[in-house]
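Lettering of chains follows the sequences in order, A, B, ..., and the numbering in each one begins at 1. All values below were derived from every heavy atom in this structure, side-chain atoms included, with hydrogens, water molecules and symmetry-related copies excluded. Please read all numbers here as calculations on a predicted model, not as lab measurements.
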Amino acid sequence: MKSAIQLISERISQAIQKATGQNVPAIITGATDPKFGDYQCNNALALAKQLKANTTLRSSDSLRSMSPRQLAEKIIAELKIDDICQKPEIAGAGFINLRLNPEFVAENLREIVSDKDRLGIEKIKKSQTVVVDFSGPNIAKQMHVGHLRSTIIGDCICRTLELAGDKVIRQSHRGDWGKQFGVLIAYLQITHKEKLQKPGSVSINDLDQYYKDAQAWCDRDPGFAESARREVVKLHNNDKDTLRVWEEFVRASRKHYQPIYDTLGINLNESNERGESFYRDKLADVVTDLKKQGLAVESEGAVCVFPEGFKTKDDEPMPVIIQKSDGAYLYATTDLAAIRYRINELKADRIIYVTDARQKLHFEMLFKVAEMAGWVKNTELIHITFGSVLGEDGKPLKTRSGENVKLKELLDEAVKRAKSVVQEKNPDLADSEKEKIANAVGIGAVKYADYSNNRTSDYIFSFDKMLAMDGNTAPYMQYAYARIKSIGRKGQEKGIDTEKELKGIKEIYLENNTELELAKQLIRYGEAFNSAIADFKPNFLTAYLYELAQKFSSFYNACPVLDAEPKIRPSRLLLCDLTAKIIRHGLENLLGIKTIERM
RNA sequence: GCGCCCGUAGCUCAGCUGGAUAGAGCAACGGAUUUCUAAUCCGUAGGUCAGGGGUUCGAAUCCCUUCGGGCGCACCA
């Protein structure tokens with residue numbers, strides 16, 4: 001179904017066409033103040049200017065001399081909208097203020113009720129194949145906070161695109177073919193030879209520690225570094241024994257990060273793994289092709305492509321190095337091979353990369369190279385960036401000893417803190433239920449806090465803030481949901497058949513102002529979805545949901561539901577039901593955050 | 001040095017394809033509770049949108065500039 005804003009936009013466009021002969025998109029936004037109505041149209045102001053300038057638009061003299069207010073009058077005169085809005089009003093410099101008819105709102109509520117799976121979210125017309133590259137953990141290392149944002153933002157992007165109707169292909173471009181294996185194997189050969197015999201017995205914790213030690217060794221001992229390099233070469237040459245160890249390390253790593261994905265509600269599994277190793281036999285061809293095209297040239301011993309428009313700090317052309325002077329390939333080579341694979345094999349219409357903003361330059365260059373090589377054709381390459389997670393001191397989040405905060409530990413801590421809150425607020429619940437609530441709240445809080453911040457900016461990580469019951473937090477949302485569910489249970493106790501009342505509903509009453517406000521918010525879900533997906537901004541979704549929960553709370557405070565008079569009770573039950581459905585849909589389907597029936 | 005991002009209330013942040021008096025939450029202050037879960041609601045106070053200039057009928061938003069912070073810039077990913 002179409003959102004109110006879409007319907008209004010269509011009507012306004014038609015009116016403008018009739019009034020001025022101009023074919024321009026409608027400029028409709030939410031009203032800045034409730035006293036101006038629900039939506040406002042700003043076309044008259046912009047149009048008056050454009051007509052006067054007479055550069056982009058051709059117009060008659062009479063139109064050209066019109067003030068914005070006069071133009072607004074003319075537009076309104078042609079506007080047929082009384083089935084949606086009350087009589088439009090002109091205000092200020094030439095704004096057209098629009099207030100929805102309660103009947104229209106009620107009718108929309110009915111439509112959303114029957115639109116069970118989408119709740120007013122429209123399907124896009126042309127479905128695309130979209131490859132989303134996100135999360136990409138490093139094999140043989142623990143996941144840490146640095147992986148959090150890519151993982152959850154990427155997942156949210158996939159969920160929204162899927163709901164919009166795209167065919168989404170998730171790709172975990174994990175780091176599984178790099179030098180860490182050489183370093184690890186070289187280290188184990190000297191220190192823990194027995195582990196190499198039984199690599200399956202090695203845990204991710206061991207690997208993490210070994211790697212740290214080995215790395216330090218590399219730094220102080222060139223001889224050891226050299227043997228590590230030799231091990232990488234063996235791996236890259238598909239040496240059988242080395243591969244066997246590698247496979248075990250990969251398995252140990254998967255055993256570590258799959259539970260984290262499950263905990264976080266991330267739809268990623270083995271079938272989405274297309275790590276660096278996946279492209280290993282496609283790298284030589286990348287280099288050959290680029291050489292053949294004359295794009296790749298040798299420079300200082302390395303094979304490089306120099307995309308147009310990039311300079312080094314010495315003001316020289318900046319290369320994308322695709323083969324080192326020792327013959328080894330680099331991550332840029334792998335990334336280029338991945339682009340080709342995704343375009344040619346996966347048939348991607350769009351490829352979306354979700355990484356932190358620091359990799360911006362890398363992807364700009366990469367995309368340019370792919371374009372220059374003629375690989376891109378009609379595929380759209382998109383780099384979605386995000387800011388860093390900072391500690392309370394405003395610096396990148398680290399442990400006291402200066403190490404990366406492990407993701408698992410961070411999530412465990414969130415759950416632990418949530419649990420103590422549950423314990424405090426609701427000590428009588430069964431332990432198993434407390435556990436369930438603490439999980440939903442703790443994990444939800446971490447995710448929700450991330451989503452509710454603007455994707456592009458850094459944010460300060462604070463357990464206290466994200467677990468607060470007030471404000472735009474997961475617990476607040478989950479609480480609002482649980483309260484609605486509680487009404488249903490209470491109704492049952494009182495012998496009220498809420499299902500039956502909902503089904504038998506005849507007329508929808510929206511007489512109390514809080515009811516109407518809530519209803520108007522309910523019918524804007526599709527609109528919020530559209531604005532969120534347009535720029536891949538999850539915070540638009542959380543902002544919408546938060547406003548919804550707030551409006552519900554106001555309604556809940558002002559209007560009794562179960563004790564309402566029989567005539568209006570079904571309406572109020574309907575408002576409750578729809579609010580619960582949308583909160584649940586938003587949190588679970590779009591953000592991957594669990595709701596709970598009571599808390 | 002060059003490039004990118006950022007600077008909005010005491011704090012944490014929205015808002016940025018230009019639109020009416022710049023919004024939330026926290027903290028502060030005042031009110032509502034025989035509760036359909038107060039983990040709530042209602043209200044008050046708080047801002048030269050870093051500074052300066054420009055474009056415009058109109059700028060937090062666009063352009064220029066200064067200051068302050070972050071990040072990136074050849075063989076790591």
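- Between A:K494 and A:D563 there is a salt bridge, with a side-chain nitrogen of the basic residue lying less than 4.0 Å from a carboxylate oxygen of the acidic one.
- In terms of polar N and O atoms assigned as donor or acceptor, the side chain of A:E316 never comes within less than 3.5 Å of the base of B:A74 in a complementary pairing.
- Taking a pair to require two hydrogen-bonding distances under 3.5 Å in either a Watson-Crick or a G-U wobble arrangement, B:C73 pairs with B:G1.
- Each of B:A74, B:A39, B:C36 was ranked by its minimum atom distance to the side chain of A:V561; first place goes to B:C36.
- Residue A:N426 has its side chain nearest to B:A39 when only B:A77, B:A39, B:A20 are considered.
- Comparing the P positions of B:U48 and B:U8 gives a spacing of 12 Å, expressed to the nearest Å.
- Using a 4.0 Å cut-off between charged side-chain N and carboxylate O, A:R149 and A:D356 make no salt bridge.
- Using the Watson-Crick or G-U wobble rule with both distances under 3.5 Å, B:U17 pairs with nothing in any strand shown.
- Among the atoms of the strands shown, base atoms are found under 4.0 Å from some heavy atom of A:F36.
- In this structure, the aromatic ring of A:Y556 is positioned over the six-membered ring of the base of B:C36, centres within 5.5 Å and planes within 30°.
- In the set B:G19, B:A20, B:C76, B:C76 carries the atom at the smallest distance from any side-chain atom of A:K179.
- In this structure, A:Y476 does not count as stacked on the base of B:A39 under the 5.5 Å centre distance and 30° plane angle limits.
- Here the P atom of nucleotide B:C2 and the CG atom of A:L361 are 16 Å apart, to the nearest Å.
- Computed from coordinates, the A:I321 CD1 to B:A77 P distance equals 10 Å when rounded to whole Å.
- Nucleic acid contact class of A:L330 (heavy atoms, under 4.0 Å, all strands): sugar-phosphate only.
- Looking at heavy-atom distances under 4.0 Å, A:N539 makes contact with sugar-phosphate atoms alone, never a base.
- For the pair A:K551 NZ and B:A24 C1', the computed distance is 13 Å after rounding to whole Å.
- A:K311 comes within 4.0 angstrom of the backbone, heavy atoms only, and of no base.
- Checking B:C41, B:C13, B:C36 against every side-chain atom of A:N557, the shortest atom distance belongs to B:C41.
- Nucleotides B:A9 and B:A24 place their P atoms 15 Å apart, quoted to the nearest Å.
- Distance A:L548 CG to B:A24 C1': 16 Å, rounded to the nearest Å.
- Between B:G70 and B:U56, the two C1' atoms lie 33 Å apart (nearest whole Å).
- Taking only distance into account, the side chain of A:N97 meets the base of B:A20 through a donor-acceptor pair shorter than 3.5 Å.
- Summarising the geometry, the separation between CE on A:M469 and C1' on B:C41 is reported as 17 Å, rounded to the nearest angstrom.
- Minimum atom distance to the side chain of A:Y479 is reached by B:U37, of the listed B:C71, B:A77, B:U37.
- At a threshold of 4.0 angstrom between heavy atoms, the contacts of A:F540 are confined to the sugar-phosphate backbone, with no base atom among them.
- Salt bridge A:K395/A:D393: absent, no basic N to carboxylate O contact under 4.0 Å.
- Listed pair A:S457 / B:A14 meets the phosphate criterion, a side-chain N or O lying under 4.0 Å from OP1 or OP2.
- Ionic pairing of A:K537 and A:D535 is not present here: no N-O contact between side-chain nitrogen and carboxylate oxygen is shorter than 4.0 angstrom.
- Of the candidate nucleotides B:U40, B:C36, B:G19, B:G19 has the atom nearest to the side chain of A:A46.
- The residues A:E515 and A:R572 are annotated as salt-bridged, a charged nitrogen and a carboxylate oxygen being separated by less than 4.0 angstrom.
- Between A:N454 and B:G15, a side-chain N or O to OP1/OP2 separation shorter than 4.0 Å is present.
- Interface remark: the A:T334 side chain does not form any donor-acceptor pair with the B:A77 base, using a distance-only criterion of under 3.5 Å.
- Going from the C1' atom of B:A20 to that of B:G3 covers 38 Å, rounded to whole Å.
- Comparing B:C29 with B:C63, their C1' atoms are spaced 44 Å from each other, to the whole Å.
- Heavy atoms of A:D563 sit nowhere under 4.0 angstrom from any nucleic acid atom.
- With B:C73, B:A20, B:U37 as the choices, the nucleotide that has an atom nearest any side-chain atom of A:F95 turns out to be B:A20.
- Salt bridge status for A:E435 with A:K419: present, with a side-chain N to carboxylate O gap under 4.0 Å.
- Residue contacts shown for A:A328 are absent, as no nucleic acid heavy atom lies under 4.0 Å away.
- Taking atom P in both B:U17 and B:A60, the straight-line distance is 14 Å, to the nearest Å.
- Listed nucleotides B:U40, B:A74, B:U37 differ in distance to A:F306; the shortest reach to its side chain belongs to B:A74.
- When heavy atoms are screened at a 4.0 angstrom cut-off, A:L45 is found touching base atoms of the nucleic acid.
- Atom CZ in A:F363 sits roughly 15 Å away from atom P in B:G72 (whole-Å rounding).
- Rounded to whole Å, the separation between the C1' atoms of B:G46 and B:G25 comes to 14 Å.
- Salt-bridge check for A:K398 with A:E403: failed, with every basic side-chain N at 4.0 Å or more from each acidic carboxylate O.
- For A:H383 and A:T355, the side-chain atoms include at least one donor-acceptor pair closer than 3.5 Å.
- A:R483 places its CZ atom 7 Å from the P atom of B:C41, with the value rounded to the nearest Å.
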**Request:** Please lay out, stage by stage, how A:E433 and A:K436 fare under the test salt bridge (charged side-chain N to carboxylate O under 4.0 Å, His left out).
**Result:** CA-CA 5 Å; A:E433 183 144 21; A:K436 212 175 121 192; 5.7 Å; no

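- Here the nucleotide nearest the side chain of A:Y546, chosen from B:A74, B:A24, B:A39, is B:A24.
- The gap from the C1' atom of B:C4 to that of B:U44 amounts to 43 Å, rounded to the nearest Å.
- Ionic pairing of A:E364 and A:K360 is present here: one or more N-O contacts between side-chain nitrogen and carboxylate oxygen are shorter than 4.0 angstrom.
- Along RNA chain B, the nucleotide nearest A:R455 and the nucleotide nearest A:K360 are compared for position; the residue whose nucleotide lies closer to the 5' end is A:K360.
- Using a 4.0 Å heavy-atom cutoff across all strands shown, A:K313 reaches at least one base atom of the nucleic acid.
- Heavy atoms of A:S554 sit under 4.0 angstrom from primed sugar atoms or phosphate atoms, though from no base atom.
- In this structure B:G10 sits in a base pair with B:C26, meeting the Watson-Crick or G-U test at under 3.5 Å.
- When heavy atoms are screened at a 4.0 angstrom cut-off, A:A558 is found touching no nucleic acid atom at all.
- In this structure, A:N42 atom CG and B:C57 atom P are separated by 17 Å, rounded to whole Å.
- Note on A:C576: nothing from the nucleic acid sits closer than 4.0 angstrom, heavy atoms only.
- In this structure, B:U40 and B:A32 make a Watson-Crick or G-U wobble pair, each of the two defining distances being under 3.5 angstrom.
- Residue-level contact check: A:I460 touches the backbone only, with heavy atoms under 4.0 Å from sugar-phosphate atoms and none from bases.
- With both pairing distances under 3.5 Å, B:U61 is matched to nothing as a Watson-Crick or G-U wobble pair.
- In this structure, A:Q550 reaches the sugar-phosphate backbone alone: every heavy-atom distance under 4.0 Å involves primed, P, OP1 or OP2 atoms, never a base.
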